[in-house]
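Below: the structure, in structure tokens.
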Amino acid sequence: MDDFKIPLRTRFAPSPTGYLHRGHVLNAIMVWGVARLYGGKIMLRVEDHDRERCRPEYETALLEDLQWLGLEWDEFSRQSDREEIYLEMLDALRMTEHVYHCQCSRKDILENSMQPGGELWYPGTCDNLDLDEKDNGVRVVLPTYSTGFDDSILGEQIQTPALQCGDILLRDRKGNWTYHFACVVDDFLQKINLVIRGEDLLESTGRQMMLHTMLANPNSPKYLHHPLIFEKNGVKMSKRDFSMSIREERSKGINREKLFGEVLYSAGILPAYRPVAVGELLQITEIYLFRILQKKQNLRRK
Ligand SMILES: [Zn+2]
């Protein structure tokens, strides 16, 4: 695709809060396929920022599962090893942006401020309360403008994070770095120039791009949001629906080729099911991206 930066740097970034499931496999295929197709590098980033929910045994398991899948990576990082870096970046942010402390629990916010779309929206309750840091969360005020980007698959997107989620939580009341903050700091400092992830994370993008700007990253990454896995009735599967882990599927005797084929078919990337070998993934990714590019160009011409 002509809009990828070369040398391409992308990442596969699972959270070790459970075992890998088919949604992860689809994302790993896309990351691996695009990176290898364009001679890029893959960072395997273990996103264990939530200390209560992450467990080392899940990290061991995900490394094993990835090896079994045969999708190798080039570099490795773990968010829990990067505490000092997040602290430095938070300090830097405090110098240039309005950062404040927040005492609200998730329940407080749920009771006061659900958006019609169902997303949790923070109304800025604690801004100007001048709370100290101890036992409180840390938030940054979001600019009120809208931000646009050209998603490599979905095309032009416009988002207004100040209306979608309100001021972003950077660290929670228990001292855990949040997904958005840790992810943006890492994408920035690890020089990731293409973020490849599922459509379920599309809404995160505008706010993450704003965070990149606030952290003075001159090169926000490009974004590619791929389709999710559908069940037979056309309903998108969410993380919660994946009751069986890859680990369990392996123990029941599934082979890699059948798994790849089923995953690609259920995401609409393969038109019909057939077993797929690792060696075929590059060509399947290439054909898929070519089709998408054609579709985007046709839309522009209309
Ligand atoms: Zn608050």
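These numbers come from the heavy atoms of this one structure, side chains and all, not from hydrogens, waters or symmetry mates. Order of appearance sets the numbers: ligands from 1, and atoms from 1 within every ligand.
- With sequence neighbours left out, Thr160 forms a side-chain hydrogen bond (donor to acceptor under 3.5 Å, both in side chains) with Ser146.
- Side-chain atoms of His101 and Asn136 include no donor-acceptor pair closer than 3.5 Å.
- Stacking of Arg139 on the aromatic ring of Tyr122 is recorded, both the 6.0 Å distance cut-off and the 45° axial limit being met.
- Using a distance-only test at 3.5 Å, with no hydrogens or angles considered, no donor-acceptor pair links the side chain of Asp187 to the main chain of Ile192.
- His225 and Phe149 have tilted rings, their planes meeting at an angle from 30° to 60° on a 0 to 90° scale.
- Two rings, from Tyr100 and His98, have their centers less than 6.0 Å apart.
- Shown are the protein N/O/S atoms under 2.8 Å from the Zn ion (ligand 1), given by residue and atom: Cys102 SG, Cys104 SG, Tyr122 OH, Cys126 SG.
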